[in-house]
K.L.:
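Before we start, here is the structure in question, set down as structure tokens.
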Amino acid sequence: QVQLVESGGGLVQPGGSLRLSCVASGRIFSINTMGWYRQAPGKERDLVAGINNDGSTNYADSAKGRFTISRDNAYNTVTVYLQMDSLKPEDTAVYYCNVRSRFLGYTYTNWGQGTQVTVSS
């Protein structure tokens with residue numbers, strides 16, 4: 001399995017920036033994709049950005065041009081970042097790190113614990 005630990009959320013004013021981090025440990029060699037989702041109160045959890053092993057990325061339309069996902073591979077951990085700039089009140093949500101991995105023919109999905117991002121003046 002893959003274990004995930006998130007950090008970096010908080011309160012920021014509109015137009016400000018935050019960087020979220022998610023450290024993956026455990027069976028990291030089996031990871032295929034990493035990404036960030038968010039869930040606002042009363043809404044579904046939606047993809048914000050994803051990054052594949054080959055470095056290719058994809059973004060929700062709401063994140064394009066403002067958010068950047070990146071990945072840093074270390075010896076026994078992998079960290080995925082979400083740099084969020086020009087934040088808007090509608091970006092307020094709980095943000096979840098997501099990892100999809102494949103091992104011995106099975107696909108696994110792991111979620112981080114979630115980190116609150118609040119954009120407000």
Side-chain angles (χ1 to χ4, degrees):
Q1 283 285 7
V2 176
Q3 295 79 43
L4 302 173
V5 178
E6 300 179 27
S7 61
L11 173 64
V12 63
Q13 292 186 346
S17 297
L18 279 176
R19 188 174 82 155
L20 306 182
S21 301
C22 175
V23 180
S25 60
R27 207 167 56 208
I28 60 172
F29 62 87
S30 64
I31 291 174
N32 291 334
T33 64
M34 304 183 77
W36 289 94
Y37 286 69
R38 69 185 182 188
Q39 187 168 21
K43 296 190 176 181
E44 294 185 352
R45 189 176 298 187
D46 294 323
L47 176 69
V48 176
I51 185 165
N52 298 313
N53 280 350
D54 63 3
S56 59
T57 58
N58 61 288
Y59 295 91
D61 287 343
S62 60
K64 289 178 182 176
R66 299 187 300 124
F67 294 2
T68 304
I69 190 169
S70 61
R71 174 172 164 168
D72 182 31
N73 296 327
Y75 175 70
N76 58 357
T77 60
V78 178
T79 303
V80 62
Y81 302 97
L82 185 67
Q83 177 66 41
M84 303 186 293
D85 299 317
S86 302
L87 282 161
K88 305 175 181 180
E90 50 264 43
D91 294 317
T92 296
V94 178
Y95 284 70
Y96 295 91
C97 177
N98 172 273
V99 165
R100 289 189 172 85
S101 58
R102 190 161 176 83
F103 183 67
L104 296 179
Y106 292 93
T107 298
Y108 298 88
T109 299
N110 294 96
W111 293 94
Q113 78 275 16
T115 186
Q116 177 70 47
V117 172
T118 302
V119 184
S120 175
S121 55

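The model shown is predicted, which means the values in this text are computed figures rather than measured ones.
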K.L.:
Among residues at least two apart in sequence or on other chains, which ones pass salt bridge (Lys or Arg N to Asp or Glu O under 4.0 Å) with R66?
P.N.:
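Listed in chain order: D91.
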
K.L.:
Could you measure the distance from the OG1 atom of T57 to the CE atom of M34? Nearest 0.5 Å is fine.
P.N.:
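Result: 14.5 Å between the selected atoms.
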
K.L.:
Provide the closest heavy-atom pair for N110 versus S101 in the form atom of the first, atom of the second, distance.
P.N.:
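Shortest heavy-atom separation between N110 and S101 comes out as OD1-OG, 4.5 Å.
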
K.L.:
Of all residues at least two apart in sequence or in a different chain, which pass the salt bridge (Lys or Arg N to Asp or Glu O under 4.0 Å) check with D61?
P.N.:
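Result, salt bridge (Lys or Arg N to Asp or Glu O under 4.0 Å) vs D61: K64.
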
K.L.:
Just to verify, what does S56 make a side-chain contact (heavy atoms from CB on, under 4.5 Å) with, not counting sequence neighbours?
P.N.:
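In terms of side-chain contact (heavy atoms from CB on, under 4.5 Å), with neighbours along the sequence ignored, S56 is linked to N52, D54.
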
K.L.:
Find out if a path of hydrophobic residues (ILVMFWY) with successive side-chain heavy-atom gaps under 4.5 Å connects M84 to L11.
P.N.:
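In one cluster: no.
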
K.L.:
Counting only heavy atoms not in E44 (residues, nucleotides, ligands), do more than 12 fall under 6.0 Å from its CD?
P.N.:
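For E44, atom CD is not crowded (no more than 12 foreign heavy atoms under 6.0 Å).
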
K.L.:
Supply the atom-to-atom distance T33 OG1 to N98 CG, rounded to the nearest 0.5 angstrom.
P.N.:
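Between atom OG1 of T33 and atom CG of N98 there are 6.5 Å.
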
K.L.:
In Å, rounded to the nearest 0.5 Å, how long is the span from CD of Q3 to CZ of R27?
P.N.:
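Interatomic distance, Q3 CD to R27 CZ, rounded to 0.5 Å: 9.0 Å.
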
K.L.:
Among residues two or more places apart or on two chains, list those pairs meeting ring-ring contact (aromatic ring centres under 6.0 Å, His included) that have a residue in residues 31-52.
P.N.:
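Passing the test, one end in residues 31-52: Y37-W111.
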
K.L.:
Just to verify, what does S7 make a side-chain contact (heavy atoms from CB on, under 4.5 Å) with, not counting sequence neighbours?
P.N.:
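S7 satisfies side-chain contact (heavy atoms from CB on, under 4.5 Å) with S21 only.
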
K.L.:
Is there a side chain to side chain contact (heavy atoms under 4.5 Å, CB included) between N53 and R71 once you walk through the steps?
P.N.:
CA-CA 9 Å; N53 280 350; R71 174 172 164 168; 2.8 Å; yes

K.L.:
Tell me the closest heavy-atom pair linking G112 and L4, and the distance in Å.
P.N.:
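Of all heavy-atom pairs spanning G112 and L4, the closest is N-CD1, 3.6 Å.
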
K.L.:
Could you walk me through whether S120 and T92 pass side chain to side chain contact (heavy atoms under 4.5 Å, CB included), step by step?
P.N.:
CA-CA 8 Å; S120 175; T92 296; 5.9 Å; no

K.L.:
If you take all heavy atoms of L18 and G9, which pair is closest and at what distance?
P.N.:
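Closest approach of L18 to G9: CD1-C, 4.5 Å.
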
K.L.:
Looking only at heavy atoms, what is the nearest atom pair of L82 and A49, with distance?
P.N.:
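Closest pair (atom of L82, atom of A49, distance): CD1-CB, 4.1 Å.
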
K.L.:
Please list, chain by chain and in numerical order, all residues satisfying side-chain contact (heavy atoms from CB on, under 4.5 Å) with T68, sequence neighbours excluded.
P.N.:
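If we apply the side-chain contact (heavy atoms from CB on, under 4.5 Å) test to T68, skipping adjacent residues, the hits are Y59, Q83.
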
K.L.:
Any side-chain heavy atom of E6 sitting closer than 4.5 Å to one from L20?
P.N.:
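Sidechains of L20 and E6: no contact.
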
K.L.:
Apply side-chain contact (heavy atoms from CB on, under 4.5 Å) to A40 and list each qualifying residue two or more places apart in sequence or on a separate chain.
P.N.:
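A40 satisfies side-chain contact (heavy atoms from CB on, under 4.5 Å) with K43, A93 only.
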
K.L.:
For L47 and A60, work out which heavy atoms get closest and say how close.
P.N.:
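That closest heavy-atom pairing would be O-CB, 3.4 Å.
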
K.L.:
side-chain hydrogen bond (donor to acceptor under 3.5 Å, both in side chains) with N58: which residues, sequence neighbours excluded?
P.N.:
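Result, side-chain hydrogen bond (donor to acceptor under 3.5 Å, both in side chains) vs N58: none returned.
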
K.L.:
Output all residues satisfying side-chain hydrogen bond (donor to acceptor under 3.5 Å, both in side chains) with D46, sequence neighbours left out; order by chain, then residue number.
P.N.:
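If we apply the side-chain hydrogen bond (donor to acceptor under 3.5 Å, both in side chains) test to D46, skipping adjacent residues, there are no hits.
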
K.L.:
Does anything in residues 72-98 form a ring-ring contact (aromatic ring centres under 6.0 Å, His included)? List the pairs, not counting sequence neighbours.
P.N.:
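Counting only pairs at least two positions apart or across chains, no ring-ring contact (aromatic ring centres under 6.0 Å, His included) contact touches residues 72-98.
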
K.L.:
Can you run down the salt bridge (charged side-chain N to carboxylate O under 4.0 Å, His left out) pairs that involve residues 93-118, sequence neighbours left out, and say none if there aren't any?
P.N.:
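Every candidate salt bridge (charged side-chain N to carboxylate O under 4.0 Å, His left out) pair involving residues 93-118 fails, so no pair, neighbours aside, qualifies.
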
K.L.:
Locate the shortest heavy-atom distance separating S17 from D85; write the atom from each residue and the value.
P.N.:
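Minimum heavy-atom separation between S17 and D85: OG-OD1, 2.7 Å.
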
K.L.:
Checking one residue: L104. Which other hydrophobic residues are in its cluster under the side-chain 4.5 Å linking rule?
P.N.:
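Via sub-4.5 Å side-chain contacts, L104 links to F29, F103, Y106, Y108.
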
K.L.:
Against V23, only a single residue in V78, D72, I28, T77 fulfils side chain to side chain contact (heavy atoms under 4.5 Å, CB included); can you say which?
P.N.:
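Only one option passes, and that is T77.
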
